[in-house]
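So the structure is just underneath, and the comments pick up after that.
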Amino acid sequence: MSEDIMKGNNSSTSKLALLRQSRSIKKQGVDIGKAIDGFVASIDDQMMMAEIKRNSACVNLIVDRSDSMEGTPAQIADGLNGFATRQAAKIYTTKISLTLFDDEVTPKFVNWDSKQFVPIKPWECVGCTNIYDATISAISSIQKADANHKLHLIITDGRNTGSEHPKEEVQKLITSRESEGEHVFLLYNKYYGGDAKEYAQELGIKESNAVNFNREGDGIKIIFQTLEDLLDALRTTGTVPKDWAKVIKAHAANPLGVKAREIRSLM
């Protein structure tokens with residue numbers, strides 16, 4: 001075998017030699033080299049499409065906009081807009097949903113592809129915390145979404161008030177979605193006290209998926225930074241890292257001393 005073939009030279013000559021040697025095929029008026037190139041390209045395209053589908057994701061944000069969350073809408077909107085922009089630059093498909101809740105449940109959008117994402121504006125904070133109804137509405141809305149990785153993030157600072165659905169229904173839904181391989185996270189605003197893990201039990205969320213955050217300083221930026229890390233981990237390893245909330249916890253303990261990492265411009 002020639003040195004070029006031993007080295008895996010990609011010229012049509014080496015491909016033709018390999019094909020004739022392994023399959024004893026003669027050219028017979030057909031451009032075998034071109035045919036091989038076309039076949040390899042087809043295989044590559046199929047593999048790429050399979051990889052894109054395997055790494056497709058749906059990010060479902062369920063965000064408290066009760067009056068006690070005043071001061072967070074601009075930060076959350078900015079964080080989400082930046083997150084969508086960076087996801088759009090990836091070859092993978094990332095779809096985003098957003099549901100806001102206070103006394104009412106307001107689905108802002110469902111399964112927006114990040115590549116066609118329209119930047120959102122902040123919202124007003126009024127009313128109470130209708131979190132049970134919001135969680136059921138938001139999670140149910142993407143059950144049929146075509147995505148291999150589904151992440152639901154609840155961002156709140158208060159306990160349920162005024163929902164029509166009981167907490168047992170919320171617990172049942174979350175348990176069923178987690179059994180299907182989806183991931184539900186609770187981000188509880190430490191600014192007003194309380195404990196995320198205790199609240200996670202009420203909602204039926206795994207304690208390991210619940211964390212207190214502090215909205216001061218880079219608190220909201222760090223949430224979206226963590227979200228990107230979670231997606232990267234799921235796409236590369238298929239699992240959520242045990243220390244997924246490490247930076248959020250560090251910031252909550254020292255909100256003025258822990259900063260979000262610098263993100264390079266995509267322009």
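Here, residue 1 is the first one in the sequence, and each next residue gets the next number.
- Checking side-chain atoms of Glu198 against main-chain N and O of Gly194 turns up no donor-acceptor pair under 3.5 Å.
- Scored by the salt bridge (Lys or Arg N to Asp or Glu O under 4.0 Å) test, Asp229 finds Arg261 as partners (sequence neighbours excluded).
- Side-chain atoms of Tyr199 do not come within 3.5 Å of backbone N or O of Leu187 as any donor-acceptor pair.
- Contacts of Arg177 classified as salt bridge (Lys or Arg N to Asp or Glu O under 4.0 Å), with partners at least two apart in sequence or in another chain: Glu182.
- In this structure, the side chain of Thr175 does not engage the main chain of Lys172 through any donor-acceptor pair within 3.5 Å.
- In this structure, Val110 belongs to a hydrophobic cluster whose other members, linked by side-chain heavy atoms under 4.5 Å apart, are Ile142.
- In this structure, Asn81 contributes its side chain and Ile120 its backbone to a donor-acceptor pair below 3.5 Å.
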Problem set entry | Pair Ile96-Leu98, side-chain contact (heavy atoms from CB on, under 4.5 Å): steps then yes or no | CA-CA 7 Å; Ile96 306 170; Leu98 174 63; 5.7 Å; no

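- Cluster membership check: Leu100 does not share its hydrophobic cluster with Tyr188, using side-chain heavy-atom separations under 4.5 Å among Ile, Leu, Val, Met, Phe, Trp and Tyr.
- In this structure, Asn189 and Phe213 have side chains that are in contact, with non-hydrogen atoms separated by less than 4.5 Å.
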Exercise. Could you walk me through whether Asp133 and Phe101 pass the side-chain contact (heavy atoms from CB on, under 4.5 Å) check?
Worked result: CA-CA 9 Å; Asp133 291 351; Phe101 65 92; over 6 Å; no

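- No continuous path of hydrophobic side-chain contacts links Leu61 to Ile154 [ILVMFWY only; heavy atoms under 4.5 Å].
- Here the side chain of His251 pairs a donor or acceptor atom with the backbone of Glu216 at under 3.5 angstrom.
- At least one side-chain heavy atom of Val118 sits under 4.5 Å from a side-chain heavy atom of Trp112.
- Between Pro73 and Met69, the shortest heavy-atom distance links the atoms CD-O, 3.6 Å.
- Note on residues 50-69: pairs passing side chain to side chain donor-acceptor pair (under 3.5 Å), not counting sequence neighbours, are Glu51-Arg54, Glu51-Asn55, Asn60-His152, Asp64-Ser66, Asp64-Thr156, Arg65-Asp102, Arg65-Thr106, Ser66-Ser68, Ser68-Asp157.
- The CD1 atom of Ile136 sits 11.0 Å away from the CD1 atom of Ile131 when rounded to the nearest 0.5 Å.
- Judged purely by atom type and a 3.5 angstrom limit, Trp244 has no side-chain atom pairing as donor or acceptor with the backbone of Asn209.
- Side-chain atoms of Ser137 do not come within 3.5 Å of backbone N or O of Ala134 as any donor-acceptor pair.
- Closest of all the heavy-atom pairs between Asp103 and Cys128 is OD1-N, 3.0 Å.
- Under the 4.5 Å side-chain heavy-atom criterion for grouping Ile, Leu, Val, Met, Phe, Trp and Tyr, Val247 is connected to Ile76 within one hydrophobic cluster.
- The closest side-chain heavy-atom distance from Leu151 to Leu227 is below 4.5 Å.
- Defined by atom type and a distance below 3.5 Å, a donor-acceptor pair is present between the side-chain atoms of Arg235 and Thr94.
- Aromatic pair Phe83/Phe117: centroids not less than 6.0 angstrom apart.
- Listed here is the closest heavy atom pair of Thr99 and Ala138: OG1-CB, 3.5 Å.
- The list of side chain to side chain donor-acceptor pair (under 3.5 Å) pairs with a residue in residues 113-129, not counting sequence neighbours, is empty.
- Looking at Lys197, its side chain does come within 3.5 Å of a backbone N or O of Glu207 through a donor-acceptor pair.
- Looking at Ile139 and Ile62, their side chains come closer than 4.5 Å, going by heavy atoms from C-beta outward.
- For the pair Gln225 and Asp218, the minimum side-chain heavy-atom distance is 4.5 Å or more.
- With Tyr132 as the partner, the side-chain hydrogen bond (donor to acceptor under 3.5 Å, both in side chains) test is satisfied by one option alone out of Glu164, Glu169, Glu202: Glu202.
- Under the 3.5 Å distance criterion, the side-chain polar atoms of Lys259 are left unmatched by any main-chain donor or acceptor of Gly217.
- Across all their heavy atoms, Val258 and Ala250 have their closest contact at CG2-O, 3.6 Å.
- Linking Ile, Leu, Val, Met, Phe, Trp and Tyr residues whenever their side-chain heavy atoms come within less than 4.5 Å leaves Leu173 and Leu153 in two separate clusters.
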Exercise. Taking it one step at a time, do Glu228 and Gln87 satisfy side-chain contact (heavy atoms from CB on, under 4.5 Å)?
Worked result: CA-CA 8 Å; Glu228 293 185 59; Gln87 289 299 306; 4.2 Å; yes

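- For Gln171 against Gln201, the heavy-atom pair with the smallest separation is NE2-O, 3.7 Å.
- With sequence neighbours excluded, the residues that form a side chain to side chain donor-acceptor pair (under 3.5 Å) with Ser163 are Asn130, Asn160.
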